[in-house]
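We count residues from 1, following the sequence as given. Model, not experiment: these values are computed from the prediction.
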Amino acid sequence: MLRFHEGKINGANVIAVFSGVCKVNAAIATQILIDCFGVNAVINAGTAGAIDEKLNVFDTVISTECCYHDVAEDILVEFHPWMKTVFFESSPYLLKRSRIAAAKSGFPNVCWGRMVTGEAFIADEGRREIVKSFMPLSVDMETASIAHVCYVNDIPFLSIRCITDTATHSGIEQFNENCAKASEIAASLTMEVIKELI
């Protein structure tokens, strides 16, 4: 039920797929990329809601680490995959290349930090608890699940997310209004990062 696109970006072999929304859909797509296409890195591009109040609509966040905000903390630590913490760390190499790409291309308003993931769209309700527990820059519905699959497969991972809604401009209406432009920004920066991998 997924359509995968094979091609090259600046000489790099690339497989692109639109996973759909939510953790399980994203995880399925990621495992197929690994099993059927043998990818050696995964870069997730998409949109997110801002949790940090300093972020504005159309700012871009690149993950240094990510976690679930709706999974009990002991689940991943005391059971498979027996992690040391609840945080999935992004690839240091991909992070370095992302900083170079952002600087070279002159992308405005890019920041690096923690992302959190859960099944619910976060408007106003739940925002305070997420801030208290995790202090993330952004929240979305897929990043940590993709990182989770990459972690258990030992595949380098990075997420690039452009902001569609904030605490000031919150709600599904803001997301719908800004989603197309934010997606284009995230895709454009992802392309620049890929160019730096060759």
Could you walk me through whether V86 and V77 pass side chain to side chain contact (heavy atoms under 4.5 Å, CB included), step by step?
CA-CA 7 Å; V86 298; V77 175; 4.3 Å; yes
Interatomic distance, [X] atom [atom1] to [Y] atom [atom2] [nearest 0.5 angstrom]:
X    : Y    : atom1 : atom2 : answer
D59  : C111 : CG    : SG    : 6.5 Å
I194 : L197 : CD1   : CG    : 7.0 Å
E184 : C179 : CD    : SG    : 10.0 Å
I28  : I146 : CD1   : CD1   : 12.0 Å
K104 : R99  : NZ    : CZ    : 16.0 Å

Whether the side chain of T164 engages the backbone of G49 through a donor-acceptor N/O pair (distance < 3.5 Å, no angle test) should be reported.
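No; zero donor-acceptor contacts below 3.5 Å.
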Donor-acceptor under 3.5 Å (S145 side chain, E142 main chain)
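Confirmed, S145 side chain pairs with E142 backbone.
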Kindly indicate whether the side chain of [X], heavy atoms from C-beta on, has any atom under 4.5 Å from the side chain of [Y].
X    : Y    : value
M115 : V61  : yes
I15  : H5   : no
F4   : F18  : no
W82  : L76  : no
D70  : V116 : no
N44  : I160 : no
W112 : S98  : yes
T30  : S19  : no

Is it true that [X] and [Y] fall in one hydrophobic cluster, defined by side-chain heavy atoms closer than 4.5 Å?
X    : Y    : answer
V21  : I163 : no
F175 : V57  : no
F157 : I62  : no
L33  : I155 : yes
V110 : Y93  : yes

Which heavy-atom pair separates [X] from [Y] by the least distance, and what is that distance?
X    : Y    : value
L189 : F107 : N-CZ, 3.4 Å
I198 : N10  : CG1-O, 3.6 Å
A186 : A45  : O-CB, 4.2 Å
A182 : F58  : N-CE2, 3.8 Å
A144 : T117 : N-OG1, 2.8 Å
S90  : L158 : CB-CD1, 4.0 Å

Would N153 and Q31 satisfy side chain to side chain contact (heavy atoms under 4.5 Å, CB included), going step by step from the backbone distance to the final call?
CA-CA 9 Å; N153 286 277; Q31 193 63 58; 3.0 Å; yes
So does [X] pair up with [Y], basic N to acidic O under 4.0 Å?
X    : Y    : result
K132 : E129 : no
K23  : D140 : no
K96  : E196 : no
E192 : R97  : no

Tell me whether [X] at atom [atom1] has more than 12 heavy atoms from other residues, nucleotides or ligands lying less than 6.0 Å away.
X    : atom1 : answer
M191 : CE    : no
F37  : CZ    : yes
E119 : CD    : yes
D154 : CG    : no

Verify side chain to side chain contact (heavy atoms under 4.5 Å, CB included) between Y68 and H148, making sure each step is shown before the conclusion.
CA-CA 10 Å; Y68 299 109; H148 189 158; 2.8 Å; yes
Cation over ring face, R114 and F87, 6.0 Å, 45°
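Pair R114/F87 counts as cation-pi.
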Between H69 and F134, is the ring centre distance below 6.0 Å?
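No, the ring of H69 stays outside the 6.0 Å limit from the ring of F134, centre to centre.
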Could you go step by step and tell me if L55 and L137 meet the side chain to side chain contact (heavy atoms under 4.5 Å, CB included) rule?
CA-CA 8 Å; L55 291 172; L137 294 180; 4.0 Å; yes
Do you know which of P92, C150, S91 makes side chain to side chain contact (heavy atoms under 4.5 Å, CB included) with P156?
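When side chain to side chain contact (heavy atoms under 4.5 Å, CB included) is applied between P156 and each of P92, C150, S91, only S91 qualifies.
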Ignoring hydrogens and geometry beyond distance, is a side-chain donor-acceptor pair present between T143 and R161 at under 3.5 Å?
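Yes, a side-chain donor-acceptor pair sits under 3.5 Å.
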